[in-house]
Amino acid sequence: MKKINIFAFSLLFLCSSCSSQVSALSDRLTHFTAFLKTKAIEYLEDPANENRVAYTPAEFFGAADDEFIPLNREEINSKITDIPIPQPSATPGAKNSPIPSIQMFSNPNSILAAIFKKIYFNTDQYSPKTATAKKDLQKIANYLKKNPNTFIFIEGHCDERASESYNLALGTKRAGTIRKILVNYGVNPNQLYTISYGKEKPAVKGKSKDVYAKNRRVAFKLYSKK
């Protein structure tokens with residue numbers, strides 16, 4: 001009976017000790033949390049850190065880009081542009097690739113220039129500007145189908161307005177749309193590569209409607225495999 005009482009007393013002592021330690025730890029955590037809250041409030045209220053504090057959604061997301069132009073998709077023919085088109089099986093310039101890098105592609109010569117005409121676009125659009133563009137693309141498609149060893153880079157270009165990243169994206173859409181149209185006309189997708197230069201390579205320099213119209217284009221570079 002005496003041994004049992006000693007064991008019970010020992011167990012009660014240990015429990016009391018653990019409880020006091022847990023209580024002490026809890027108090028420390030409470031004080032530390034309060035300390036962090038105080039420091040956080042001081043940091044946020046410090047005028048030097050005002051630029052880090054967002055009080056409204058507009059402040060959080062930042063000011064709208066005045067150069068941004070929302071895309072208008074209404075004139076796009078979804079039957080042409082939405083079909084999945086496989087990418088070429090060979091990467092230009094890659095090791096053991098049968099296709100050289102883009103530097104080996106060249107502008108159409110004086111004869112081929114009559115076939116590989118530039119395709120123009122309205123502002124912010126990535127479908128061809130005129131109905132005659134479809135006839136021009138049909139001629140390009142016919143040539144490529146008759147010359148399966150000819151490969152082209154379809155270059156997407158934009159005018160200088162809007163941001164660099166926006167124009168790169170728009171140039172990609174323009175080049176991609178032309179590629180899809182050519183594939184729809186029966187061209188082997190492996191003959192068609194795309195690249196976007198955005199506003200980096202204007203055909204004409206200046207700031208006018210006519211200049212902008214000439215820079216909103218898709219151009220072609222060719223390589224004929226012997």
Linking I/L/V/M/F/W/Y whenever their side-chain heavy atoms sit closer than 4.5 Å, directly or via other members, would [X] and [Y] fall into one cluster?
| X | Y | result |
| --- | --- | --- |
| Leu144 | Ile119 | yes |
| Ile195 | Ile154 | no |
| Tyr126 | Tyr193 | no |
| Val183 | Val218 | yes |
| Ile152 | Met104 | no |

Could you state the interatomic distance from [atom1] ([X]) to [atom2] ([Y]), rounded to the nearest 0.5 Å?
| X | Y | atom1 | atom2 | answer |
| --- | --- | --- | --- | --- |
| Lys173 | Ser127 | NZ | OG | 12.0 Å |
| Gln138 | Thr132 | CD | OG1 | 13.5 Å |
| Lys118 | Asp136 | NZ | CG | 12.0 Å |
| Leu192 | Ile181 | CG | CD1 | 12.0 Å |
| Phe153 | Phe220 | CZ | CZ | 13.5 Å |

Can you check whether [Y]'s main-chain N or O pairs, donor with acceptor, with [X]'s side chain at less than 3.5 Å?
| X | Y | result |
| --- | --- | --- |
| Asn215 | Cys158 | no |
| Ser101 | Pro92 | no |
| Asn147 | Asn149 | no |
| Glu155 | Thr194 | no |
| Lys146 | Ala141 | no |
| Thr91 | Ala94 | no |

Evaluate the side-chain proximity of [Y] to [X]: yes if any heavy-atom separation is below 4.5 Å, no if none is.
| X | Y | value |
| --- | --- | --- |
| Asp124 | Tyr166 | yes |
| Arg161 | Thr123 | yes |
| Asn190 | Ile99 | no |
| Arg179 | Pro88 | yes |
| Gln191 | Asn188 | yes |
| Thr150 | Tyr223 | no |

Can you name the one residue among Leu170, Thr172, Thr177 that meets side chain to side chain contact (heavy atoms under 4.5 Å, CB included) with Arg174?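 Testing Arg174 for a side chain to side chain contact (heavy atoms under 4.5 Å, CB included) against Leu170, Thr172, Thr177 leaves exactly one candidate, Leu170.
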Looking only at heavy atoms, which two atoms of [X] and [Y] are closest? And how far apart?
| X | Y | answer |
| --- | --- | --- |
| Tyr197 | His157 | CD1-CE1, 3.5 Å |
| Pro202 | Arg217 | C-NH2, 4.0 Å |
| Ile178 | Pro128 | CD1-CG, 4.1 Å |
| Gly156 | Ala175 | N-CB, 3.9 Å |
| Ser97 | Ala90 | OG-CB, 3.9 Å |
| Leu222 | Leu112 | CD2-CD1, 3.7 Å |

Is the terminal nitrogen or CZ of Lys221 (NZ for Lys, CZ for Arg) located under 6.0 angstrom from the six-membered ring centre of Phe105 and within 45° of that ring's axis?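 Here Lys221 fails the 6.0 Å and 45° test against Phe105.
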Under a 4.0 Å N-O cut-off, is there an ion pair linking Lys207 with Glu160? yes
Partner of Asp159 under salt bridge (charged side-chain N to carboxylate O under 4.0 Å, His left out), picked from Lys201, Lys214, Lys199, Arg216, is Arg216
